[in-house]
Structure formats: C-alpha cells, structure tokens
Asker: 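Have a look at the structure that comes next, please.
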Amino acid sequence: MQKSYNYNYSRVLMFLMLCVVVRSQLSADFYARSCPNLLNIVRKEVKNAIKNEMRMAASLLRLHFHDCFVNGCDASVLLDGSDGEKFALPNLNSARGYEVIDTIKNAVETSCSGVVSCADILTLAARDSVLLVCNYNKLSGGPSWKVVLGRRDGLVGNQTGANSALPSPFESLDNIIAKFAAVGLNVTDVVALSVFEGGHTIGLSRCALFSNRLSNFSGTGAPDSTLNTSLIPELQTACPATGDGNNTVPLDNRSRDLFDNRYFVNLVNGRGILQSDQILVSSDSAQSTTRSIAQLYSTNATVFFCDFVNSMIKMGNISPLTGSNGQIRKNCRVVNS
Ligand code: HEM
Ligand SMILES: *[C@@H]1O[C@H](CO)[C@@H](O)[C@H](O)[C@H]1NC(C)=O
Ligand SMILES: *[C@@H]1O[C@H](CO)[C@@H](O)[C@H](O)[C@H]1NC(C)=O
Ligand SMILES: *[C@@H]1O[C@H](CO)[C@@H](O)[C@H](O)[C@H]1NC(C)=O
Ligand SMILES: *[C@@H]1O[C@H](CO)[C@@H](O)[C@H](O)[C@H]1NC(C)=O
Ligand SMILES: *[C@@H]1O[C@H](CO)[C@@H](O)[C@H](O)[C@H]1NC(C)=O
Ligand SMILES: *[C@@H]1O[C@H](CO)[C@@H](O)[C@H](O)[C@H]1NC(C)=O
Ligand SMILES: CC(=O)N[C@H]1CO[C@H](CO)[C@@H](O)[C@@H]1O
C-alpha cells in the first residue's frame, strides 16, 4: 500500500480554536524531558500497524475504551492471565491489537527505558489511530487533539469489572447510559463516542452480535422493527442462519470515511447494525436526549467533531493513577516483579 500521510495540523488548530476543550490533572508535556521523542515514536509505530492492516486503527481505539471503562485508564486490559480482562466476555475473541501495543512499548523502551506508562501509550495510540485513518482516507482532515499524559499503570486486572462495566450490544439504552455515567461520562458522550460503532468499513462486527435483529434467524419472531427493511436481505446473506455467528460485516457499509457525521444520518434512516446503535434514536425509553443529539450531529458535523474530541479527552481521563500510585510497567502484559 502506497499512501502518504499528511498530518493536517491546520485542522488540529482549527479544532483548538473552535472547541472549548475539557481540562484535566494530567499534562501534555509530562514526558518533555524524560522522553522527548515519545510522540514521534508512537505515531510511527501506529502508522506501520495501520499500513499493515487498516482495521487495527479501530482495534486500538476499542482497546483504549475497554481499558478506561475498567478501573480507569490504567492499562489493566493489557495484563495477561486467564483471570485478567482479556478473558472477560466483551474482550474474549474480540479485543485485539495487544501485539501492536507490545511493539510500540518496545520501541519506546529502547529510546527511554522505564519511563512511559502503557496506559499513556494506549491513549496516544488511540488518538493517532483516529488521525491517521482520517489522513489515509484523504479527508479534508479529521479531528485530532492534544493528549494529556502522566497516567501510571495499574497493578491488577479486573475481569468481573470488565464483564459488568463494559456495555453489551444487547443492552437497553438506560443501561448503556448508566454504564457511561458510572465512569463520569454523560449522554452527550454516549452519542458522540458511539460513532465508532458505525465508523468506517474498518470496523467490523460478528454476526452473533446482531443476528437476533434479523427475522427468522433463529426461527423466532419478526425482524427488529427499527432496522431499515432494505438492509435485511443484505445482512441475512452475510449472516446465514446456519453459520456459527463468526462471520463479520462492516459496522457501516455506507460511510466511506471514519469521521464524518454519516453514522448519525444512518441512524436516522434505521441503518444502525448493532441494536445498541439504533436505540440511540429509536428507543422509546424516554431518552429523547440521545435522539436529539444524534439528529443534531446528523445535520451539523462541526458540533459533532467538537463534542467527539471532548468526549475522547474525557474518556482518556477516567480515574488515572498518578503520583506514586501504580507503576510504570516494563512489559505491558505483566506487573513488574
Ligand atoms: C455504547 C456502547 C457500546 C457497545 C454496546 C459496543 C459494542 C461493540 C460490539 C458488539 C462490537 C463488535 C465486537 C466484535 O465483533 O467482536 C464493537 C466494535 C467496536 N467498538 Fe464498540 N461498543 C460501544 C461503545 C464503543 C465506544 C465508546 C468506542 C470507542 C470509543 C467503541 C469502539 C469500537 C470499535 C472501534 C469497534 C471495532 C473494533 C474492531 O474492528 O476491531 N465502541 N463494539
Ligand atoms: C472492578 O470493577 C468494578 C466495576 O467497575 C468495580 O466496582 C470494582 O471495584 C473493581 N475491583 C477492583 C478490585 O478493582
Ligand atoms: C456532558 O458534559 C459536557 C462537559 O463535559 C457538557 O458540555 C454537556 O453539555 C453535557 N451533556 C449533557 C447532556 O448534560
Ligand atoms: C468463533 O471463533 C472463535 C475463535 O476465533 C472460536 O473460539 C469460537 O468457538 C467460534 N464460535 C463458534 C460459535 O463457532
Ligand atoms: C457492502 O457494500 C458493497 C458495495 O456497495 C456490497 O457489495 C456489499 O454486499 C455490502 N455488504 C454488506 C454486508 O452490506
Ligand atoms: C432506509 O434507508 C434508505 C437509504 O438510506 C432511506 O432512503 C430510507 O428512508 C430508509 N427507510 C427508513 C424507514 O428509514
Ligand atoms: C453548526 O453549529 C455551529 C455551532 O453551534 C454553528 O456555528 C453553525 O452555524 C452550525 N452550522 C450549520 C450548518 O448549521
Ligand atoms: C421462512 C420463514 O420462516 N418465514 C417466517 C419469518 O418470520 C415471519 C414473521 O414472524 C413469519 O411470518 C414467516 O413465516
């Protein structure tokens, strides 16, 4: 693949000017002296990984999300062990990108040993994934933002926490909102961050996670009435009833670009693949707030981009370990001995 990545700094600047950016206790220059080349190293490695496999951008973003919702952004998701978060239901056979984080960590350790946390590396990798995919698609520029740093790594994985704190695609909107609220995120954050669910054909979902919405799939009932009927034959073909549920489909087959607001237009048209997407606009459960936010995003990409950046920053700032709490892991998969 020969593509050039031109970082669109003017667009970054534009966002800094347009958006009122949220604050945090971490700082952008945390490693300015101890690891001055950190940002370049991470970006180079993320770029390599995405060149190898475009989907890795989505996978790294999701890893950051799954990290932050469980014991805060402390790289707990990266710890190996059958009692760790990797074996929790939302992650098992699903979360991916661990090897890429290892590669980045090794490159960082070579340059500045024992200084940079895995939690910060994962946060930077998620930001760079957004930026690089936007540039890869030659968008006029997707959103980017400054990542504040100084998170330390946790000492324990939390498998039961991962099972209970991460939202499932079968959950009600009220539950999803409650799970975001439990980590300090509000309804705006739910809607803005859900764009990843429909973001670009690099994001995939296994049939097993939505085939209950297709009629007759398991011989029960009518299709989900909030699913656009013109989408049903397509999805049924992709997900045969005799399949094992492991086939994958793009979460959004219509949207060429990761960070446009097309996802919200799709939701308004009943074209969300996961039930947890579609309920943002279709649920009766008195959550007209999510509907009106999604409708606003579907008509105004500027508002969406600003909210999105702020929500990503908020998510990256969930309960960081700072000071002498936690540690700087040498190997992201294990606690230092
Ligand atoms: C709102 C509640 C959410 C639910 C119920 C949910 C559920 C899911 C499910 C079921 C999948 C497919 C997994 C598989 O096929 O194994 C998925 C994929 C994905 N999710 Fe979420 N998610 C939610 C929120 C988020 C958020 C907040 C983010 C990021 C900030 C995110 C990022 C992603 C990405 C990037 C993928 C594609 C991953 C890949 O292709 O490797 N999701 N999500
Ligand atoms: C595990 O996560 C749950 C849900 O977030 C939390 O209530 C619990 O305190 C965590 N346990 C540990 C040991 O960190
Ligand atoms: C969510 O929080 C942000 C600040 O982080 C705020 O601007 C926004 O209005 C809040 N949304 C709702 C629905 O309260
Ligand atoms: C789906 O694939 C995973 C391995 O990726 C396998 O462990 C699992 O058993 C498969 N699911 C079914 C229902 O066959
Ligand atoms: C995705 O779009 C392509 C081209 O428009 C089409 O051939 C394919 O069937 C679609 N796949 C799914 C799962 O919607
Ligand atoms: C179904 O999707 C098509 C194409 O996006 C759209 O024109 C149509 O209005 C949608 N139907 C409903 C009921 O939303
Ligand atoms: C989108 O929202 C912004 C901020 O509220 C506003 O300045 C702009 O005029 C809106 N654009 C459109 C096309 O409505
Ligand atoms: C082929 C088949 O089983 N069709 C059924 C699909 O579901 C609808 C609604 O429940 C039934 O009316 C069809 O007979």
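First listed ligand is number 1; within each ligand, the first listed atom is number 1. Note that these values count all heavy atoms, side chains included, but never hydrogens, waters or copies made by symmetry. Index from 1, following the sequence.
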Asker: So, regarding N158 and ligand 2 (criterion: nitrogen or oxygen to nitrogen or oxygen, under 3.5 Å), is there a contact or not?
Answerer: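 Among all N and O atoms of N158, at least one is under 3.5 Å from an N or O of ligand 2.
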Asker: Does either side chain, that of S230 or that of N228, offer a donor lying less than 3.5 Å from an acceptor on the other one?
Answerer: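 There is such a pair between these side chains.
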Asker: Just distances here: any N/O of N269 and N/O of ligand 6 closer than 3.5 Å?
Answerer: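 Yes, since at least one N or O of N269 sits under 3.5 Å from an N or O of ligand 6.
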Asker: Mark the output for N71 as yes if a heavy-atom distance to ligand 2 is under 4.0 Å, and as no if none is.
Answerer: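 In this structure, N71 qualifies as a contact of ligand 2 - some heavy atom is under 4.0 Å.
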Asker: Hey, could you give me the CG/CE distance between D67 and M315, rounded to the nearest 0.5 Å?
Answerer: 9.5 Å
Asker: Is there at least one protein heavy-atom neighbour under 4.0 Å from atom 9 (O) of ligand 2?
Answerer: no
Asker: Could you list which atoms of ligand 3 come closer than 4.0 Å to a heavy atom of N186?
Answerer: 1 (C), 2 (O), 3 (C), 8 (C), 10 (C), 11 (N), 12 (C), 14 (O)
Asker: Applying ring pair (Phe, Tyr, Trp, His ring centres under 6.0 Å), name anything that partners Y297, two or more places apart in sequence or on another chain.
Answerer: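 Partners of Y297 under the ring pair (Phe, Tyr, Trp, His ring centres under 6.0 Å) test: F264, F304.
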Asker: Output the distance between atom CG (N158) and atom OG1 (T160), rounded to the nearest 0.5 Å.
Answerer: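 N158 atom CG to T160 atom OG1 measures 4.5 Å (nearest 0.5 Å).
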Asker: For atom 2 (O) of ligand 2, state whether the nearest protein heavy atom is under 4.0 Å away.
Answerer: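 Within 4.0 Å: yes, protein heavy atom nearby.
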Asker: Would D189 count as being in polar contact with ligand 3, using the rule that some N or O on each side must be under 3.5 angstrom apart?
Answerer: no
Asker: Could you walk me through whether R213 and T226 satisfy the side-chain hydrogen bond (donor to acceptor under 3.5 Å, both in side chains) test, starting with their C-alpha distance in whole Å, then the side-chain angles of each, then the deciding distance to 0.1 Å, before giving a yes or no?
Answerer: CA-CA 9 Å; R213 304 184 67 209; T226 63; 3.3 Å; yes
Asker: Measuring from N331:CG to D80:CG, what's the distance to the nearest 0.5 Å?
Answerer: 7.5 Å
Asker: Within ligand 6, which atoms have a heavy atom of R271 less than 4.0 Å away?
Answerer: 1 (C), 2 (O), 3 (C), 4 (C), 5 (O)
Asker: In terms of atom number and element, which parts of ligand 2 are under 4.0 angstrom from non-hydrogen atoms of G161?
Answerer: 1 (C), 2 (O), 3 (C), 4 (C)
Asker: Could you tell me whether N228 approaches ligand 6 through its side chain, its backbone, both or neither, with non-hydrogen atoms closer than 4.0 Å?
Answerer: side chain
Asker: Quick check against the 3.5 Å criterion: does E45 have a side-chain atom that pairs as donor or acceptor with the backbone of A107?
Answerer: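 Side chain of E45 to backbone of A107: no pair is present.
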Asker: Under 4.0 Å from a heavy atom of K314: give me the atoms of ligand 3 that qualify, with their elements.
Answerer: 1 (C), 2 (O), 3 (C), 4 (C), 5 (O)
Asker: Which residue owns the protein heavy atom closest to atom 5 (O) of ligand 2, what's the atom, and how far is it?
Answerer: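 That would be A165 CB, 4.0 Å.
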Asker: Compute whether any side-chain donor of one residue and acceptor of the other, for R151 and S117, lie under 3.5 angstrom apart.
Answerer: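 No, S117 and R151 have no side-chain donor paired with an acceptor closer than 3.5 Å.
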